[in-house]
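The structure appears right after this line, and notes come after that.
Numbered from 1 within each chain, the chains take letters A, B, ... in sequence-line order.
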Protein chains: 2
Amino acid sequence: MNNLETSLEIKKCPRKYVLAVNDTLNVISGKWKLPIIASLLSGITRFKDLLDNIEKITPRMLSKELKELEVNGVIKRKVFDTTPIRIEYTLTASGQNIVSVLDAMVNWGLDHRGKTFVANDVKAQFKAQR
Amino acid sequence: MNNLETSLEIKKCPRKYVLAVNDTLNVISGKWKLPIIASLLSGITRFKDLLDNIEKITPRMLSKELKELEVNGVIKRKVFDTTPIRIEYTLTASGQNIVSVLDAMVNWGLDHRGKTFVANDVKAQFKAQR
DNA sequence: AATAGCAGTATACAAAAGTATAGTAACAAA
DNA sequence: TTTGTTACTATACTTTTGTATACTGCTATT
């Protein structure tokens with residue numbers, strides 16, 4: 001049984017579907033996971049650089065989130081035994097593929113905003129003018 | 001400027017990209033939004049039926065989440081002036097389109113699980129055998 | 001008149017997620 | 001020897017999210 005068949009099976013069963021979606025949702029939800037993944041995608045690999053690049057994140061949060069992403073198989077942590085020690089965080093193959101999910105989200109978000117809020121903005125402007 | 005162009009623009013700018021993804025993420029994150037959307041997709045429309053269909057949700061949470069989804073333009077609430085009063089919640093066009101996002105999440109989730117955890121399971125079994 | 005169904009609301013509480021602030025350990029350079 | 005850099009950890013706190021339990025207002029049925 002391959003993933004295509006599996007996903008077709010799952011789409012027939014609302015309960016399993018929700019569970020499967022939730023697995024993915026848990027990997028990317030929270031305040032900092034997305035900024036971290038985006039930073040890694042842009043080639044930033046080191047703790048300090050991530051700290052500097054992601055506005056307002058604290059070392060505690062960065063450390064916590066990196067651990068979670070590692071446990072979830074989204075990133076890998078490599079220790080370089082140089083002096084001073086150097087540690088690199090990079091996306092796994094799966095981690096890179098998650099861009100497909102993020103792109104789906106951007107596309108839906110823009111389309112949705114187009115349908116929903118442009119109409120509202122026009123209404124708001126119309127009201128404001130009178 | 002259409003959505004395709006806009007999304008290409010956004011994909012070049014990590015900060016905007018994160019914001020756009022977050023918009024969508026906020027619509028579906030939390031413990032109950034997905035079960036609610038799945039129930040609506042399966043044709044359940046009434047408060048009581050949603051309460052019965054979604055395991056362990058309280059009326060407070062259902063009410064709160066339905067309001068949020070309505071404000072976000074994902075569902076609409078129709079009041080039928082019959083006796084007794086009847087209220088139907090249904091997905092908007094955008095709400096239905098969100099399935100594209102959920103499908104992307106199922107697909108990534110299955111693929112990721114295939115790559116990551118099957119390997120781990122094999123390792124665990126190997127260890128357990130010796 | 002009492003009971004039940006529908007569509008919720010009110011209040012108080014518990015748990016999870018995130019923040020603020022300070023500190024550690026290992027080394028290296030001035 | 002003090003200062004700086006990297007990669008974090010520790011403790012205490014606040015905010016957000018979700019839970020438990022009870023209640024309301026309306027109508028219909030028995």
Side-chain angles (χ1 to χ4, degrees), chain A residues 18-19 21-40 43-72 74-91, chain B residues 18-19 21-40 43-72 74-91:
Chain A
V18 167
L19 289 175
V21 175
N22 243 322
D23 277 356
T24 302
L25 200 48
N26 288 335
V27 169
I28 54 177
S29 63
K31 188 171 179 184
W32 299 112
K33 303 241 175 72
L34 236 40
I36 291 171
I37 290 170
S39 296
L40 293 173
I44 294 166
T45 58
R46 302 182 67 180
F47 195 90
K48 180 56 166 43
D49 294 336
L50 291 166
L51 260 189
D52 291 346
N53 191 247
I54 302 167
E55 265 181 40
K56 308 223 173 178
I57 197 170
T58 61
R60 182 187 192 276
M61 276 296 124
L62 181 55
S63 172
K64 218 181 130 252
E65 301 290 55
L66 286 172
K67 266 174 204 160
E68 256 192 83
L69 288 168
E70 198 193 350
V71 166
N72 287 332
V74 176
I75 66 176
K76 49 180 177 290
R77 180 180 187 269
K78 272 185 274 185
V79 181
F80 292 84
D81 201 1
T82 54
T83 52
I85 205 169
R86 181 190 180 87
I87 291 168
E88 277 190 12
Y89 296 94
T90 51
L91 291 162
Chain B
V18 168
L19 288 176
V21 175
N22 243 322
D23 277 356
T24 302
L25 200 49
N26 288 335
V27 169
I28 53 177
S29 63
K31 188 171 179 182
W32 299 113
K33 302 245 174 70
L34 235 40
I36 291 171
I37 291 170
S39 298
L40 294 172
I44 295 167
T45 58
R46 301 182 66 180
F47 195 90
K48 180 59 166 43
D49 294 336
L50 290 166
L51 260 190
D52 291 346
N53 191 249
I54 301 167
E55 265 182 38
K56 310 225 170 174
I57 197 170
T58 60
R60 182 187 192 276
M61 273 297 124
L62 181 55
S63 172
K64 216 180 131 254
E65 301 289 55
L66 287 171
K67 265 174 203 159
E68 254 193 84
L69 288 168
E70 198 193 349
V71 166
N72 287 334
V74 176
I75 65 176
K76 47 179 176 291
R77 180 180 187 269
K78 272 185 273 185
V79 182
F80 292 84
D81 201 0
T82 55
T83 53
I85 204 169
R86 181 190 180 87
I87 290 169
E88 277 190 11
Y89 295 94
T90 51
L91 291 162

- Query: With Tyr89(A), which of Arg77(A), Lys78(A), Glu70(A) fulfils side-chain hydrogen bond (donor to acceptor under 3.5 Å, both in side chains)?
  - Reply: Arg77(A)

- Verdict with reasoning, Glu65(B) to Lys31(B), per salt bridge (charged side-chain N to carboxylate O under 4.0 Å, His left out): CA-CA 10 Å; Glu65(B) 301 289 55; Lys31(B) 188 171 179 182; over 6 Å; no

In whole Å, what is the span from the [atom1] atom of [X] to the [atom2] atom of [N]?
{"X": "Leu51(B)", "N": "dA7(C)", "atom1": "CG", "atom2": "C1'", "answer": "9 Å"}
{"X": "Arg46(A)", "N": "dC8(D)", "atom1": "CZ", "atom2": "C1'", "answer": "13 Å"}
{"X": "Asp52(B)", "N": "dG8(C)", "atom1": "CG", "atom2": "P", "answer": "14 Å"}
{"X": "Ile87(A)", "N": "dC27(C)", "atom1": "CD1", "atom2": "P", "answer": "13 Å"}
{"X": "Leu62(A)", "N": "dT6(D)", "atom1": "CG", "atom2": "C1'", "answer": "13 Å"}
{"X": "Met61(B)", "N": "dA16(C)", "atom1": "CE", "atom2": "P", "answer": "14 Å"}
{"X": "Ile57(B)", "N": "dG18(D)", "atom1": "CD1", "atom2": "P", "answer": "10 Å"}
{"X": "Asp49(B)", "N": "dA7(C)", "atom1": "CG", "atom2": "P", "answer": "8 Å"}

- Task: Answer with base, sugar-phosphate or nothing: what part of the nucleic acid does Phe80(A) contact at a heavy-atom distance below 4.0 Å?
- Result: nothing

Hey, what do you get for [atom1] ([X]) to [atom2] ([Y]), rounding to the nearest 0.5 Å?
{"X": "Ile36(B)", "Y": "Leu66(B)", "atom1": "CD1", "atom2": "CG", "result": "5.0 Å"}
{"X": "Leu40(B)", "Y": "Asp49(B)", "atom1": "CG", "atom2": "CG", "result": "11.0 Å"}
{"X": "Ile37(A)", "Y": "Ile75(A)", "atom1": "CD1", "atom2": "CD1", "result": "8.5 Å"}
{"X": "Leu51(A)", "Y": "Thr58(A)", "atom1": "CG", "atom2": "OG1", "result": "8.0 Å"}

So does [X] get a side-chain nitrogen or oxygen closer than 4.0 Å to the phosphate oxygens (OP1/OP2) of [N]?
{"X": "Tyr89(B)", "N": "dG8(C)", "answer": "yes"}
{"X": "Lys67(A)", "N": "dT9(D)", "answer": "yes"}
{"X": "Lys48(B)", "N": "dA7(C)", "answer": "no"}

- Looking at residues at least two apart in the chain, or sitting in another chain, which of them share a side-chain contact (heavy atoms from CB on, under 4.5 Å) with Asn53(A)?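 Per chain and number, Asn53(A) pairs via side-chain contact (heavy atoms from CB on, under 4.5 Å) with Ser39(A), Ile44(A).
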
- Can you check whether Ser63(A)'s main-chain N or O pairs, donor with acceptor, with Lys67(A)'s side chain at less than 3.5 Å? no

- Could you walk me through whether Val21(A) and Val18(A) pass side-chain contact (heavy atoms from CB on, under 4.5 Å), step by step? CA-CA 5 Å; Val21(A) 175; Val18(A) 167; 5.9 Å; no

- Choosing from dC8(D), dG18(C), dA7(C), which nucleotide comes nearest the side chain of Arg77(B)?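 The closest nucleotide is dA7(C).
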
- Item | Of residues 26-36 of chain B, the positions that come close to DNA chain C - non-hydrogen atoms, cut-off under 4.0 Å |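 Within this stretch, nothing sits under 4.0 Å of the strand.
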
Pairwise N/O distances under 3.5 Å, protein to nucleotides 21-30 of chain D:
unit_1, atom_1, unit_2, atom_2, d
dA28(D), OP1, Thr83(B), OG1, 3.1

